[in-house]
Number of protein chains: 2
Amino acid sequence: MADIARLAGVSASTVSRSLAGLPPISEETRIRVERAAQQAGYKINRHARSLRLQRSAILLVLIPDLANQNYSDLLKNLDKVAFELGYGLMIGHTGTDLERPDRLADELFTGGIDGILLTSSYCPSRIRDRLENGERLPVVRTLSPTEIHSGIASVQIDETTAAAEVVRHLIANGHRRIAHLEGPPIELVSRLRREGWQRAMAEAGLPAEPGLLHPGGFRLEDGREVARSLLAAGPLPDAIFCANDESAYGLMTELKSAGIRIPQDIAVAGFDDLTFSEVFDPPLTTVRLPRREMAEVSVLYLKRLIEEGAEIEQKLVSHQLIVRRSSGPLER
Amino acid sequence: MADIARLAGVSASTVSRSLAGLPPISEETRIRVERAAQQAGYKINRHARSLRLQRSAILLVLIPDLANQNYSDLLKNLDKVAFELGYGLMIGHTGTDLERPDRLADELFTGGIDGILLTSSYCPSRIRDRLENGERLPVVRTLSPTEIHSGIASVQIDETTAAAEVVRHLIANGHRRIAHLEGPPIELVSRLRREGWQRAMAEAGLPAEPGLLHPGGFRLEDGREVARSLLAAGPLPDAIFCANDESAYGLMTELKSAGIRIPQDIAVAGFDDLTFSEVFDPPLTTVRLPRREMAEVSVLYLKRLIEEGAEIEQKLVSHQLIVRRSSGPLER
DNA sequence: TTGTAAGCGTTATCAT
DNA sequence: ATGATAACGCTTACAA
């Protein structure tokens, strides 16, 4: 910048103002500076700027599993929106390691990042402690739900209602004994979806017996395991509502290889609407999350939290039931 | 830091050295400083540090499509390795926009990032220009291949050989008229895989007629389209080698819904070995990329490029043919 | 072993 | 409209 100043025959502060397009500058100097910068191939130094301004224009996204399309697709949208709003995105892939999110979240206090987007239920302890102390931090959770009144800002769907809709749809197709493959116990979302299943069953006067509830998880293998125990346990239920699409894939694959027909012998539904649910055989009935909208709303909201110190809110966006062949009526 | 210095009753430079663990420091002061930092909840300022050191410890990854599992899975591995080596990862989702990678890559010249990982064939023009000028830049390409002797560092598999192996496997299963669903023309990898197909066909004395070559792409829809044109065109080929798994999914789905059996009526093979290829119906024969290894090697290499100014090399890693049911013999 | 001081590249305040 | 100057928080010669 000093170079540009010399080249244009002005002072460094003039160059700064000029390049920032701030008012008190003559057209003539502006052009001279512009040209000098161009010619010298001038590139502003991010760190000097961030140090001075005390902001980095970088957001951190904490993602538990990038290989899961539910997250990667959200990330794609988050990145797009963030870029449009002038922020860069850092990813922090947390995996199952409970130490990493904490270390990553610390970047909030080093000035390395301006805000955090949480996509799983886990909240880094340093963040949680401060939030519980009533501090207002630039942190927004999306995709994964938050307990209402938990003090953390969020953008989410109504998981319980969505799950209940899936089960109501199965009931409408004539299914009575409807099982549930539950998500991992560590995720709040697992409980909410289970409650949706219970609610819809209760409404219809159907028993949500313990025998219909299968501990599972979100991965292919979890679905496979439940399928095997289903096959070993005697007569199949009429239908099974899986905690997510991926576990449904695993379940269906294992059932099919045992000669079970879907949905003629057992109906299946999932949750997430991954790209492949449409080309699965049979195409999978599921719930579509408004990932694009969730990304838009949450980044915009985080921006407002950072720049204007907005109030903490929990925003609801709407999901959509996608009916496909896997949930059709029985023919056995 | 000044606060800590006051608290511990030493100077700022002593605090800095102490926290960095540099030699000339007395045990006693080290402990006093440590305690003061702890107590004050001291967090170093990233930007001040980066400004002073002229390095950010951040790498940028340019990804064309995060929703494509081939990339998201690589990203997961890259992130893990980078973290272990003390680097953070910024993602730049470039999509089809040709302007974004250029703007993102500029961060290399603002000090915002220390190096770039390229995952598609596209090389930001600013980077390419400098590389062609003989400049040595901390840039490594992986996953997507690079022309040999192109002056850019890379970690890749031998695409042509891998493709040829797939086709040889199909030939070994008795297939003769083997079609190829080609990738998008803009990606170098499309040409290399096609050449592999041509090579294996030529070796076996089989004609790689133009009628067997189908322009396609990497998405589900591309596979669907080729399936429709295949169905419209008369007798099916014996087998088809698809440019990647995703297009193979689309193709198989469309064929199956027309009543075609795989592999009894037509065999199919893909490339990438996505998670779902194993649970697809039928399970898909494909090529597994050593994504974990590619991630390890490329980040380590980039680190050496940054820290030691290593020489530019093009490293080869080995792929693996995964044989599943989709490529079995015909029964028609 | 520790302290002093300069400097990394910006931007904002205050004079001019 | 422009320039001088200080400050952002850290690291590192060099001096003590």
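First the proteins, then the strands, lettered A, B, ... as listed; each starts at 1. Bear in mind that the values here come from a model prediction, so they are computed numbers and not experimental data.
Taking every nucleotide of DNA chain C with any atom under 4.0 Å from a non-hydrogen atom of chain B, the first and last of them, 5' to 3', are C/dT1 to C/dG9.
For B/Glu27, the side chain to side chain donor-acceptor pair (under 3.5 Å) criterion is met by B/Arg30, not counting sequence neighbours. B/Arg219 meets the side chain to side chain donor-acceptor pair (under 3.5 Å) test with B/Asp222; sequence neighbours excluded.
Of the options A/Pro64, A/Ser298, A/Cys123, a side chain to side chain contact (heavy atoms under 4.5 Å, CB included) to A/Leu118 is made by A/Cys123 and by none of the others.
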How does each nucleotide of nucleotides 8-16 of chain D score, in 5' to 3' order, for protein heavy atoms under 4.0 Å: base (B), sugar-phosphate only (S), or none (-)? BBBBB----

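Under a cutoff of 6.0 Å and an axis angle of 45°, B/Lys303 and B/Tyr87 do not form a cation-pi pair.
Remark: B/Ile31 CD1 is packed, more than 12 non-hydrogen atoms of other residues, nucleotides or ligands lying under 6.0 Å away. When the shell of 6.0 Å around CD of A/Glu28 is examined, it contains 12 or fewer heavy atoms from other residues, nucleotides or ligands. Summarising the local packing, CD of A/Gln38 is surrounded by 12 or fewer heavy atoms from other residues, nucleotides or ligands at distances under 6.0 Å.
Among the heavy atoms of the strands, none lies under 4.0 Å from A/Ser50.
Axis angle between the ends of the helix from C/dT1-D/dA16 to C/dT16-D/dA1, five pairs each and rounded to 10 degrees, works out to 40°.
Using modelled atom types, one finds no donor on one side chain facing an acceptor on the other under 3.5 Å when comparing B/Arg100 with B/Thr94.
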Output a table of donor-acceptor pairs, distance under 3.5 Å, between side-chain atoms of residues 13-21 of chain B and any protein atom two or more places apart or on a different chain; print 'none' if there are none.
unit_1	atom_1	unit_2	atom_2	d
B/Ser13	OG	B/Ser11	OG	3.0
B/Thr14	OG1	B/Ser11	OG	3.1

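Formation of a donor-acceptor pair under 3.5 Å by the B/Glu107 side chain with backbone atoms of B/Leu60 is not found in this model.
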